[in-house]
Number of protein chains: 2
Amino acid sequence: MKISQLAKLTHLPSKTIRYYEEIGLVPKALRNDNGYREYRADDVERLVFVRRCRELQIPIEQIKILIAVQADKKSSCKEVDSLIEQQLEKVRKTIAELTLLEQTLHQLATSCPNEIVGECEILKRLQQEGN
Amino acid sequence: MKISQLAKLTHLPSKTIRYYEEIGLVPKALRNDNGYREYRADDVERLVFVRRCRELQIPIEQIKILIAVQADKKSSCKEVDSLIEQQLEKVRKTIAELTLLEQTLHQLATSCPNEIVGECEILKRLQQEGN
DNA sequence: TATAAACCTTACAGTTACAGTAAGGTCAAG
DNA sequence: CTTGACCTTACTGTAACTGTAAGGTTTATA
C-alpha cells in the first residue's frame, strides 16, 4: 500500500509518517519503481504502537527504547514498567503544577471589580513581586 | 545597573532578558560607553510583570497585548479580564486531558504481571488499535 | 604590572514534534 | 491531453528559550 493508505489505517498524517522515518523511529520504507514508499501490514502495527505511545505523551526518544526492548522477546519488561511509571509521574507532576496555576488564575480572574486599566487589580497583582 | 544585577532582581536569566529585548517584548535597553546595557528601576518592574505572566503560562504574544493595554490607563480592562479567563480555560482543559491520560497510564502501569517482554501486557495494549 | 576571573557583547545552533510551503514528478480519469 | 489527486524532497516556521563560540571590558589579585 502507499503512504496515504497507511496514514488512513494508522490515523497519522503522511507527513508524520515520513518524519518518523527520517528521524529513524521507524525503518526506512521500501520503494517501488516510481520511488513511492511501499508498505505492508506490519508497518501498520508498528505505527499504531507509536501513535498510542505519543497519545500517552511518551517522548520519541523513549519510544525508540520501547521498540528496541520489544525486539528482544525474552528480555525483562522491567524497563517498560519503569518507563510507563516515569511517564505517569511526569503527568501527575504536571497536573499538580497546573492545579496550582488554576487557583492563581482563578483568584486573579475574580479580583478586579473595576472598569479602567489604571485601577485594574489584575494588572496590579501581576506587578507585585511575589516569591 | 548592568544586566546581571537586573537578572538578580527580576529572577530572570540575563540571557532571557536579552531575548525579550530582541523579540520586542521589552524596549531596547540604553547602552553606556562600553556598549553594555544600562537599566533603571522601572525596567525591574516591567520584567517582573513579564515573569509573573510567564509563570501563569501566558504566551509572549499575549503579554505584548497586556503591556499595550496597560499603557493606556483609561482604557477598559475588559481585555485583561478576558485574557486571564482564556488562560484559565486553557489550563483547565489541559488538566482535564492530563487527568484522562493519568488514568490510562495508571491502568497500563498496573496491567502487566509478567516478567518477559514477549508476554508484557503493557506492550500488548500499546499495540491495540483503540479508537 | 601582569594576568586571571568575572563580567559583557553578538551570532548562530539546538531543543520537541511536527506543520506549512514550494517545486516538481507520477498516475488514473474524462 | 489535461486536470486533479497523489507522490517526492527540501527548506522554513513554530514557542520560548538554552547552549556555545568567539571575542571585548573590567575588576581583583599576585
Side-chain angles (χ1 to χ4, degrees), chain A residues 1-26 28-39 43 46-67 83 86-87 90-91 94 97-98 101, chain B residues 1-26 28-39 43 46-67 83 86-87 90-91 94 97-98 101:
Chain A
M1 84 188 87
K2 280 178 287 185
I3 198 167
S4 66
Q5 178 63 13
L6 180 62
K8 222 172 274 175
L9 295 175
T10 58
H11 303 287
L12 283 171
S14 302
K15 185 97 212 194
T16 300
I17 298 174
R18 285 191 206 98
Y19 171 69
Y20 287 163
E21 176 182 324
E22 188 191 323
I23 62 169
L25 180 57
V26 298
K28 293 197 178 191
L30 299 173
R31 302 296 181 117
N32 54 29
D33 292 350
N34 51 21
Y36 289 11
R37 288 174 179 80
E38 185 63 38
Y39 296 99
D43 292 309
R46 207 196 325 272
L47 277 166
V48 166
F49 177 79
V50 171
R51 177 176 58 77
R52 296 274 299 138
C53 289
R54 289 296 302 131
E55 284 168 1
L56 299 173
Q57 300 199 20
I58 295 170
I60 286 179
E61 286 309 307
Q62 312 247 319
I63 301 176
K64 285 187 185 174
I65 295 172
L66 284 180
I67 290 174
L83 204 147
Q86 277 170 44
Q87 190 58 27
K90 240 174 56 186
V91 169
T94 306
E97 285 168 7
L98 289 180
L101 198 53
Chain B
M1 82 187 87
K2 280 178 288 185
I3 199 166
S4 66
Q5 178 64 13
L6 180 62
K8 220 173 275 175
L9 295 176
T10 59
H11 303 288
L12 283 171
S14 302
K15 187 96 213 199
T16 300
I17 297 173
R18 285 191 207 100
Y19 171 70
Y20 287 163
E21 177 182 324
E22 189 191 321
I23 63 170
L25 180 59
V26 298
K28 293 197 178 189
L30 300 173
R31 302 297 181 116
N32 55 29
D33 292 350
N34 51 22
Y36 290 10
R37 288 173 179 80
E38 186 63 38
Y39 295 99
D43 293 308
R46 205 194 328 271
L47 278 166
V48 166
F49 177 78
V50 170
R51 176 174 59 76
R52 295 274 298 138
C53 289
R54 289 296 302 130
E55 284 168 1
L56 298 173
Q57 300 200 18
I58 296 171
I60 284 178
E61 286 308 308
Q62 312 247 318
I63 300 175
K64 285 186 183 174
I65 295 172
L66 284 179
I67 290 174
L83 203 147
Q86 278 169 43
Q87 189 59 27
K90 240 175 53 186
V91 168
T94 305
E97 286 167 9
L98 288 180
L101 197 53

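Fair warning: this is a prediction, and the values are worked out from it, not measured in the lab. Throughout, protein chains are lettered first and strands after them, A, B, ... in sequence-line order, and every chain is numbered starting at 1.
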Selected nucleotide, minimal atom distance to A:Thr16 side chain, candidates C:dC12, C:dC18, C:dT21:
C:dC18

Just N and O in the side chain of B:Asn34: are any of them under 4.0 Å from OP1 or OP2 of C:dC8?
no

Closest approach to the side chain of A:Pro13, judged atom by atom: which nucleotide of C:dG25, C:dA19, C:dC18 is it?
C:dA19

Nearest nucleotide by nearest heavy atom, which residue falls closer to the 5' end of DNA chain C, A:Tyr19 or B:Glu21?
B:Glu21

Per A:Arg31 side chain, nearest of listed nucleotides D:dC17, D:dT8, D:dT25:
D:dT8

When all nucleic acid strands are considered with a 4.0 Å heavy-atom cut-off, which category describes B:Arg37: base, sugar-phosphate, or nothing?
sugar-phosphate

Rounded to whole angstroms, how far apart are CD1 on B:Ile58 and C1' on D:dC17?
18 Å

Starting at CD1 of B:Ile23 and ending at C1' of D:dA16, how long is that distance when rounded to a whole Å?
8 Å

Which part of the nucleic acid, if any, lies within reach of B:Arg54 when heavy atoms closer than 4.0 Å are counted: base, sugar-phosphate only, or nothing?
sugar-phosphate

Nearest listed nucleotide, side chain of B:Ser4, among D:dC17, D:dC7, C:dC8:
C:dC8

Choosing from D:dT8, D:dT18, C:dC8, which nucleotide comes nearest the side chain of B:Ile3?
C:dC8

Considering only C:dT9, D:dT20, C:dT21, which nucleotide approaches the side chain of B:Lys15 most closely?
D:dT20

